[in-house]
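In this chain, residues are counted from 1 in sequence order.
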Amino acid sequence: RISSVHVAELDSCRAYRTLVMDASELAGLSAEELMAKKDSIEAEIKAHQETLELQGGVGMRGALVDAEGFPRADIDVFAVRSARNKIICLRNDHEAVMVLIERKLHEIHAEARRKKSESGEEVGVAGGGASRQEAAPKGFVRVDSVLEGSPAATAGLREGDLVLEFGSVHTSNFSGLSNIATVVQHSQERAVRVVVWRRGSRVTLSLTPQKWQGRGLLGCNIVPA
């Protein structure tokens with residue numbers, strides 16, 4: 001029975017990846033559509049995590065057999081195994097989507113810079129923007145937009161902020177937007193220290209990732225700096 005359950009779970013994962021994570025389909029999505037896909041995956045992960053919590057808080061590593069080696073009678077072993085397997089699949093898919101999102105944002109950011117360069121528009125704020133860019137410390141992402149009423153807006157993030165620190169992520173260990181996504185996912189309902197560079201000075205903020213009426217847990221868009 002255990003082996004048949006295991007095979008069923010693997011088949012379920014393969015089916016999910018075939019239907020939702022087709023590489024050719026994802027490659028054709030816009031950044032906004034990829035963000036929506038990311039939000040959908042995160043919502044699914046949360047739903048399966050809640051299933052594990054309802055099963056006595058067994059989590060991803062809790063034992064499924066009792067002291068005598070028999071399946072625990074106080075939990076639905078099949079539901080736990082299924083939820084765990086789907087979480088693993090979804091986390092892999094989330095990572096793949098984050099890579100594509102980062103690539104799309106790089107492309108958008110590069111195109112915006114190219115257009116500004118061609119039009120002769122100076123990057124930065126008129127009346128000293130260029131010198132401030134030179135004097136600013138090195139950040140790793142920039143806030144591209146902030147939605148009204150979002151957790152990001154409540155925390156005080158503003159469009160144009162250059163992020164210097166985001167929780168445990170900083171310039172020296174930043175490798176991609178997935179770093180920030182990981183911090184956000186592990187910090188729901190908990191304050192995250194965020195340091196930004198704004199108008200020539202450092203600003204320290206407290207941002208709490210959480211559900212709100214909009215999409216995602218932050219309500220802001222960031223692009224590589």
Provide the closest heavy-atom pair for [X] versus [Y] in the form atom of the first, atom of the second, distance.
{"X": "L90", "Y": "H48", "answer": "CD1-CD2, 3.6 Å"}
{"X": "G139", "Y": "A225", "answer": "O-CB, 3.9 Å"}
{"X": "S175", "Y": "N179", "answer": "N-OD1, 2.6 Å"}
{"X": "L52", "Y": "A83", "answer": "CD2-CB, 3.8 Å"}
{"X": "L205", "Y": "A155", "answer": "CD2-O, 3.4 Å"}
{"X": "L164", "Y": "K138", "answer": "CD2-O, 3.8 Å"}

Using a 3.5 Å distance criterion without hydrogens, assess whether the side chain of [X] forms a donor-acceptor pair with backbone atoms of [Y].
{"X": "S82", "Y": "F78", "result": "no"}
{"X": "T51", "Y": "A47", "result": "yes"}
{"X": "Q55", "Y": "D76", "result": "yes"}
{"X": "R142", "Y": "G160", "result": "yes"}
{"X": "D161", "Y": "R158", "result": "yes"}

When you compare the side chain of [Y] with that of [X], does any pair of heavy atoms fall below 4.5 Å?
{"X": "T208", "Y": "V192", "answer": "no"}
{"X": "V141", "Y": "F174", "answer": "yes"}
{"X": "P209", "Y": "R190", "answer": "no"}
{"X": "N173", "Y": "V169", "answer": "yes"}
{"X": "L217", "Y": "Q210", "answer": "no"}
{"X": "M60", "Y": "I87", "answer": "yes"}
{"X": "V203", "Y": "V195", "answer": "no"}
{"X": "R72", "Y": "V58", "answer": "yes"}

Applying a strict under-4.5 Å side-chain criterion to I, L, V, M, F, W and Y, I'd like to know whether W212 and L218 cluster together.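 No, because W212 and L218 fall into different hydrophobic clusters, even though each may have its own neighbours under 4.5 Å.
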
Same hydrophobic cluster for L147 and V163, using side-chain heavy-atom links shorter than 4.5 Å among ILVMFWY?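 Cluster IDs for L147 and V163 differ.
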
For [X], look at atom [atom1] and say whether over 12 heavy atoms of other residues, nucleotides or ligands are found less than 6.0 Å away.
{"X": "E32", "atom1": "CD", "result": "no"}
{"X": "E95", "atom1": "CD", "result": "no"}
{"X": "Q213", "atom1": "CD", "result": "yes"}

Using the rule given for side-chain contact (heavy atoms from CB on, under 4.5 Å), can you reason through M35 versus L29, listing the C-alpha separation, both sets of side-chain angles and the distance that settles it, and then say yes or no? CA-CA 10 Å; M35 290 295 288; L29 297 181; over 6 Å; no

Check the pair V183, F166 against side-chain contact (heavy atoms from CB on, under 4.5 Å), reporting the backbone distance first and the verdict last. CA-CA 8 Å; V183 172; F166 193 99; 3.9 Å; yes

Set out, in order, the CA-CA distance, both residues' side-chain angles and the distance that settles side-chain contact (heavy atoms from CB on, under 4.5 Å) for R202 and V196, then state yes or no. CA-CA 6 Å; R202 292 174 182 265; V196 302; over 6 Å; no

Would you mind checking if R215 and D39 are paired as a salt bridge, meaning a charged N to carboxylate O distance below 4.0 Å?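 Between R215 and D39 there is a salt bridge, with a charged N closer than 4.0 Å to a carboxylate O.
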
Starting from the C-alpha separation in whole Å, work towards a yes-or-no answer on side-chain contact (heavy atoms from CB on, under 4.5 Å) for V80 and L64. CA-CA 8 Å; V80 171; L64 301 185; 3.6 Å; yes

Knowing that exactly one of Q185, K38, E42 qualifies, which makes a side-chain hydrogen bond (donor to acceptor under 3.5 Å, both in side chains) with H94?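 Considering Q185, K38, E42, a side-chain hydrogen bond (donor to acceptor under 3.5 Å, both in side chains) with H94 is found only for E42.
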
Walk me through whether K86 and E44 qualify under salt bridge (Lys or Arg N to Asp or Glu O under 4.0 Å). CA-CA 9 Å; K86 288 176 181 177; E44 287 191 64; over 6 Å; no

